4 protein chains.
Amino acid sequence: MTEESGQFSPPTPKGRSTRERIKQAATELFAERGYANVRITDITTAADLSPGAFYRYFDDRRELMLELIREVLAEAYEFARSPMDEQSLITSVLVTTRRYFEFYEQHRALFGLMLELTQTDAEVAEVWFETQRSFYVRISRSLQRGAQRGLVRDDLDTEVAAQLLGSMSEFYAYQRFVLGSEALLKFSVDEAARSLAEVWVNGVGAHDAKADA
Amino acid sequence: MTEESGQFSPPTPKGRSTRERIKQAATELFAERGYANVRITDITTAADLSPGAFYRYFDDRRELMLELIREVLAEAYEFARSPMDEQSLITSVLVTTRRYFEFYEQHRALFGLMLELTQTDAEVAEVWFETQRSFYVRISRSLQRGAQRGLVRDDLDTEVAAQLLGSMSEFYAYQRFVLGSEALLKFSVDEAARSLAEVWVNGVGAHDAKADA
Amino acid sequence: MTEESGQFSPPTPKGRSTRERIKQAATELFAERGYANVRITDITTAADLSPGAFYRYFDDRRELMLELIREVLAEAYEFARSPMDEQSLITSVLVTTRRYFEFYEQHRALFGLMLELTQTDAEVAEVWFETQRSFYVRISRSLQRGAQRGLVRDDLDTEVAAQLLGSMSEFYAYQRFVLGSEALLKFSVDEAARSLAEVWVNGVGAHDAKADA
Amino acid sequence: MTEESGQFSPPTPKGRSTRERIKQAATELFAERGYANVRITDITTAADLSPGAFYRYFDDRRELMLELIREVLAEAYEFARSPMDEQSLITSVLVTTRRYFEFYEQHRALFGLMLELTQTDAEVAEVWFETQRSFYVRISRSLQRGAQRGLVRDDLDTEVAAQLLGSMSEFYAYQRFVLGSEALLKFSVDEAARSLAEVWVNGVGAHDAKADA
DNA sequence: TATGAATGAGTGTTCATTCAT
DNA sequence: GATGAATGAACACTCATTCAT
């Protein structure tokens, strides 16, 4: 009656599978119609359940949504913390970018959800920012290492640069995988990843720029 | 019965001012709470009107929202079409970026609205994409001119590059001005603009990269 | 301010013409969509007026409707009181029926209105019943005269017969002119009138029926 | 999204009984006040339900109304198709008329509803016309058989006659049972039925009319 | 005489949520 | 664990009506 902390863990296998079915159904529906346009009964119907069943597993739609987002961001966080390959800068960036795009595409439903809700839901914003931070930190560190080895301009503010470069990847992925922006579809994901790596590496690389000649 | 297309144009000054008041109130409320959390009566109350008054001027909340977004994007479109200064590449990018950030900050309420809704509302997506396209075209052309003058690498795919660079600016602006992301606030807008211009120019500039040495 | 009895009589010619325009527009709209589906603004729009103008001439929609119905029924009442031709019974009935159908067709909009509203509006029912009564009286008297001359069965209850015969004409007219019932359209109005007169005259006529032989 | 055609069929007995309660309550209210003056909350209140419950069983007021009318007309249709007694013409007509009046009186609420709405609702008109058609066909056939046996004038257009005679019965019933027209109440239903049968039989019977002597 | 802006009560409808079965 | 009936607050939207201009 009065238990209200944390998420409900069903004791039986049947219960656990039902809970998963709800999450699965919700993910698909959110992707199709957006959070605002999905009713709880839509979810239960899609999961082949009665309306009442929902409340055995979640308090409300928001709780379910938060759980979904937390899960994907936790995975992304791990992803961001995995060791960076000690290859050449451009290869390294390329590999990372490709993996990132793969991950983003696979979870596009939830990334879309996140972007629909960050402005409105402080908790969504918070978990997202936290994950971003870990990405930015990772990029920033990588840039610092590059600077030490003379591969990266040493006058570069690695923090801002990391934010900018991260933004570029994330927004490109958002537009491509979530919005399906036609303009971007002219090029393959791989071409985009390659261009991105080039711009990135050049953007921060040490060299004799002629740009302002 | 008969399709009423286009928007209602009040014949009297009083009507016109009321219509504007509604738009103003709505913009503010959308910014504060997000589209999904604003009721029509919230808008009319904020505009000091009775609920019914809304429907004299708009069919529904969506129509109003679309008009707001269309307007700001039309302005942005003009902005994107204004001639690019024939200065040095980096100065040019810097100036443009600053102006873009200014514009974005000033209209952050509506850009936020747009990002909340693109996934859900096809018409929002469409007008936004169209505006983006004009930005991308502009950037792309500018890169081509740069390549002809030897300022920009000639092996660069200017279209993808334009999309990537545009993405970087837009998402940075979104995170900074709409979400108010703390991580970004460590640096001033001007620093960000400067870094962005540098990364950008270097990213595409002709030079002797040492990155892969 | 406090004048509230009877209907408003506009002092100026312009006012009078506007009042008529409203009545005209209302009649047409009621015919097209039925009373329940006509808004006051529909009427004023059709009459090329602003919503407020309506209230200069009528208290509300019901008052206007009642006036329209009263007018047509007053005319019908006069029609019912006009002297019956002293011709042969069948010719007389035929002529009357034809005239009745003509009148009904011409005013089908208002007869339809009446039938939509009698169940609901006691005043409509009352004025209609009164008019019917005068029709029934007339038919009844005519039957009595016929009986005196040996043209009509003398065992006939002329009152009930009058009601039945009146019902037949009125409902036929309603179905044909108001509802436009397709089934009835197979025959011309004239054929229907002729058949009606025959059935009628035979139905009440003195004769040696073989029906129950 | 997907068109939900047909009516909702509650899976449990409780649901079925609630659905019936709504229909019952609606029928009574429509009879009392007319369709236009019955709110959905009036119905749910009368059925001892909350407003929302209505929508579990019906899409809107119109759907409910259509179902009620369809049901009564389906029953009437069966009634009209039941075999005609092979008695003397007048007895046969009398018996049928009495049964028809009984049926009409019993369902006066819905016949009233029908007449309020035929002008406005094309679907109501359609189902009504169809039922009428079956009545007319039946009368027409009966007249044809009578003509073959010499009981009915052979110069009679049985189709028009059937329409006229049907109209007479139907409208009489409408005025008497739905409107409760005072003028008609002077005579008992039985007297009316008898007179109607007489007029009817004489109206179409073979005989030596003196009417035009 | 006419306009059109504004009102606000009234109503239909949705949907998260509860609960008896 | 699951159902589905029922609730009722919330909200969108309509439209008769008033009134300053």
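Residue numbers start from 1 in every chain, and the chains themselves are labelled A, B, ... in the order their sequence lines are given, proteins ahead of strands. It should be emphasised that the depicted structure is a prediction, and the values quoted were computed from it without experimental measurement.
For DNA chain E, the neighbouring residues in residues 11-26 of chain C, judged by any heavy atom under 4.0 Å, are C/P11, C/T12, C/K14, C/T18.
Under the side-chain hydrogen bond (donor to acceptor under 3.5 Å, both in side chains) criterion, A/E71 pairs with A/K23, not counting sequence neighbours. Every residue meeting the side-chain hydrogen bond (donor to acceptor under 3.5 Å, both in side chains) condition with B/E28, not counting sequence neighbours, appears here in chain and number order: B/Q24. In this structure C/R19 satisfies the salt bridge (charged side-chain N to carboxylate O under 4.0 Å, His left out) test together with C/E67, sequence neighbours excluded. For D/D60, the salt bridge (charged side-chain N to carboxylate O under 4.0 Å, His left out) criterion is met by no residue, not counting sequence neighbours. Annotation: side-chain hydrogen bond (donor to acceptor under 3.5 Å, both in side chains) contacts of D/E116 (sequence neighbours excluded): none. For A/R70, the salt bridge (charged side-chain N to carboxylate O under 4.0 Å, His left out) partners two or more places apart in sequence, or in a different chain, are A/E123.
When the P atom of E/dT11 is taken as reference, atom OH of D/Y35 falls 15 Å away, rounded to whole Å. Spacing between atom OH of C/Y57 and atom C1' of E/dA2 amounts to 8 Å, rounded to whole angstrom units. Residue C/R56 contributes atom CZ, which lies 17 Å from atom C1' of E/dG4 at whole-angstrom precision. One can place CZ of B/R62 at 16 Å from C1' of F/dA12, the figure rounded to the nearest angstrom. Regarding B/L49, its CG atom lies at a distance of 16 Å from the P atom of E/dA9, rounded to whole Å.
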May I have the list of side-chain donor-acceptor pairs in residues 44-58 of chain A shorter than 3.5 Å, sequence neighbours left out?
{"unit_1": "A/T44", "atom_1": "OG1", "unit_2": "A/I40", "atom_2": "O", "d": "3.3"}
{"unit_1": "A/T44", "atom_1": "OG1", "unit_2": "A/T41", "atom_2": "O", "d": "3.1"}
{"unit_1": "A/T45", "atom_1": "OG1", "unit_2": "A/T41", "atom_2": "O", "d": "2.6"}

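Within the 4.0 Å cut-off from OP1 or OP2 of F/dG8, not a single side-chain nitrogen or oxygen of D/S50 is found.
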Walk along nucleotides 16-21 of chain E from 5' to 3' and tag each nucleotide B, S or - by protein heavy-atom contact under 4.0 Å, base first, then sugar-phosphate.
SBBB--
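Among the protein residues, C/F58 comes within range of no part of the nucleic acid, since none of its heavy atoms lies under 4.0 Å from any strand.
Residue pairs meeting the ring-ring contact (aromatic ring centres under 6.0 Å, His included) criterion with at least one member in residues 13-32 of chain B, sequence neighbours excluded: B/F30-B/Y35. Applying the salt bridge (Lys or Arg N to Asp or Glu O under 4.0 Å) definition to pairs two or more places apart or across chains, those involving residues 31-44 of chain B are B/R33-B/D42.
Between A/L64 and A/A26, the shortest heavy-atom contact is CD2-CB, 3.6 Å. Residue D/L110 comes nearest to D/I69 through the heavy atom pair O-CG1, 4.4 Å, listed as atom of the first residue, atom of the second, then distance.
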Kindly express the pairing pattern of DNA chain F in dot-bracket notation, using | wherever a base pairs with another strand and counting only Watson-Crick or G-U pairs under 3.5 Å.
.||||||||||||||||||||
